[in-house]
Structures are given as structure tokens and as C-alpha cells.
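Everything on this sheet refers to the single structure shown next.
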Amino acid sequence: KNEVEQSPQNLTAQEGEFITINCSYSVGISALHWLQQHPGGGIVSLFMLSSGKKKHGRLIATINIQEKHSSLHITASHPRDSAVYICAVSKVEGGADGLTFGKGTHLIIQP
Amino acid sequence: DAGITQSPRHKVTETGTPVTLRCHQTENHRYMYWYRQDPGHGLRLIHYSYGVKDTDKGEVSDGYSVSRSKTEDFLLTLESATSSQTSVYFCAISGKNRDEQYFGPGTRLTVT
């Protein structure tokens with residue numbers, strides 16, 4: 001069983017819709033990361049969080065440590081939000097041994 | 001943006017040939033990582049380094065070796081490339097907050 005599970009694997013929505021991507025993990029973590037990857041592109045860090053909630057523009061990330069669950073929300077979605085969103089965790093404090101990743105959620109926002 | 005470059009960006013090589021990928025950083029960060037990304041598997045850690053000459057294995061290290069002789073450079077070597085090593089390879093470094101990671105642009109390697 002993967003230590004980091006994401007759902008859904010694929011998501012197609014209309015422009016303007018509220019989007020939720022979920023991430024569950026089964027290991028102890030020091031931090032959880034949300035990453036974005038556009039087609040053929042590099043990987044960009046959106047959020048790193050160890051508790052509570054963070055907001056950046058139209059993106060919101062939440063984490064529930066007790067339930068080992070995190071969500072990434074996109075409000076007023078736009079076609080430029082189309083990308084793969086990846087959840088990852090740092091299992092050791094300081095992330096010294098690298099990140100463990102989910103398999104990603106492929107999001108398509110149609111105009 | 002963190003100053004991370006990878007070279008080459010694209011490479012096609014034949015089975016059995018040695019290949020070296022280079023990751024270069026200008027941030028003077030201690031921790032560097034090599035990941036591979038494959039459809040159906042996502043990103044997986046190959047090797048990482050926690051200082052000059054200090055390296056350790058990750059989840060998928062078989063067939064790969066690494067070296068770090070300078071803080072700014074982390075090399076990934078495929079001693080004898082195989083078709084199963086066709087992948088996109090990403091280098092990453094840790095930021096001032098060691099939990100944070102910044103990724104390089106990636107190297108697409110095809111082994112024929």
C-alpha cells in the first residue's frame with residue numbers, strides 16, 4: 001500500500017467551479033507538501049504545511065494531523081489551473097531523507 | 001526562484017552505455033536530491049546528499065550511483081543504462097527551511 005494516496009486521479013471541471021483534491025497518508029510526518037506540475041513542465045511548490053490551513057490567492061490547503069488527511073482547494077477555477085497536483089510528505093523532521101509522493105491528480109479545467 | 005540547473009535537459013542513449021546527469025545549484029544549500037518520475041509510479045527518490053561526499057540511497061537506487069565533490073554539484077551516474085531507466089529525472093534542493101524543496105527543470109532520458 002502506498003504511504004501517500006491521492007484522490008481523484010483525474011478530474012475534469014468547468015471554469016469557475018470549486019475544486020477539491022484529497023491526500024491521505026499512513027506515516028508520521030514532519031510536513032506535507034502540495035506541488036504543481038504543468039504539462040511538460042517543472043515542479044513548483046505550492047504549499048508546505050504541518051498544521052492548520054494556508055491560503056495563497058485562489059488556492060487553499062488544509063491538513064488534519066489526527067486524521068492524516070489534507071485537502072487542496074481551488075476557488076473560481078480557471079483553465080490555467082490545468083496541471084498535475086502532487087501531494088508529498090516529509091517523513092523525517094527536516095526532510096533530510098527526501099519526500100514521499102502521491103501519484104498525482106490530473107486536473108483539467110474546461111473553458 | 002532557487003538557482004537550480006540540470007544538464008543535459010534531454011538525452012537519448014543506447015542500452016549499456018554510461019550516462020551522467022548533472023545538477024548544479026547556486027544557493028549553497030546542504031541537501032540535494034535526485035528523483036525519477038514515471039507514469040503510474042509518480043516521483044521516487046533515487047539518492048540524496050547531506051553534504052560534500054555524504055550521500056545515501058533512496059527508494060530506487062539500484063543501477064545508479066551519485067557523487068558530490070562540491071556543494072554546488074550533485075552528479076547522478078547510470079553505469080550501464082537500461083531501458084527501464086528511461087524516465088524524467090529531477091534534482092531538488094532543500095531551502096532554508098529544510099522541509100522545503102525546490103526542483104530543477106528536469107532531464108528527459110531515453111534509453112534505446
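Lettering of chains follows the sequences in order, A, B, ..., and the numbering in each one begins at 1.
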What class does the angle between the rings of B/Tyr48 and B/Tyr50 fall in, given that below 30° is parallel, 30 to 60° is tilted and above 60° is perpendicular?
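B/Tyr48 and B/Tyr50: tilted rings.
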
Would you mind checking if A/Lys91 and A/Asp97 are paired as a salt bridge, meaning a charged N to carboxylate O distance below 4.0 Å?
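No salt bridge links A/Asp97 with A/Lys91.
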
salt_bridge(B/Lys57, B/Asp62) N-O dist < 4.0 Å:
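Salt bridge flag = no for B/Asp62 with B/Lys57.
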
If you look only at pairs with a residue in residues 59-81 of chain A, which of them pass as a ring pair (Phe, Tyr, Trp, His ring centres under 6.0 Å), with sequence neighbours excluded?
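For residues 59-81 of chain A: A/Phe18-A/His73.
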
Scan side-chain atoms only and decide if [X] and [Y] contain a donor-acceptor pair under the 3.5 Å cut-off.
| X | Y | value |
| --- | --- | --- |
| A/His33 | A/Ser90 | yes |
| B/Tyr102 | B/Ser94 | no |
| B/Thr77 | B/Thr20 | yes |
| B/Tyr89 | B/Arg108 | no |
| A/Gln6 | A/Tyr25 | no |

Using side-chain heavy atoms (C-beta onward) and a distance below 4.5 Å, is B/Arg22 in contact with B/Gln6?
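The answer is no, as the side chains (C-beta and beyond) never meet within the 4.5 Å cut-off.
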
Is the side chain of B/Thr15 donor-acceptor paired with the backbone N or O of B/Thr112 at a distance under 3.5 Å, no angle test?
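Present.
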
Measure from the side-chain N and O atoms of B/Tyr35 to the backbone N and O of A/Leu99, and report whether any donor-acceptor pair falls under 3.5 Å.
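Yes; at least one donor-acceptor contact below 3.5 Å.
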
Do any of [range] come closer than 4.5 Å to chain B, heavy atom to heavy atom, and if so which ones, in number order?
| range | answer |
| --- | --- |
| residues 34-46 of chain A | A/Leu35, A/Gln37, A/Gly41, A/Gly42, A/Ile43, A/Ser45 |
| residues 101-111 of chain A | A/Phe101, A/Lys103 |
| residues 52-59 of chain A | none |

In terms of heavy-atom proximity below 4.5 Å to chain A, should B/Gln37 be classed as side chain, backbone, both, or neither?
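The side chain, not the backbone.
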
To the nearest 0.5 Å, tell me how far B/Leu78 CG sits from B/Gln85 CD.
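If I round to the nearest 0.5 Å, the distance is 4.0 Å.
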
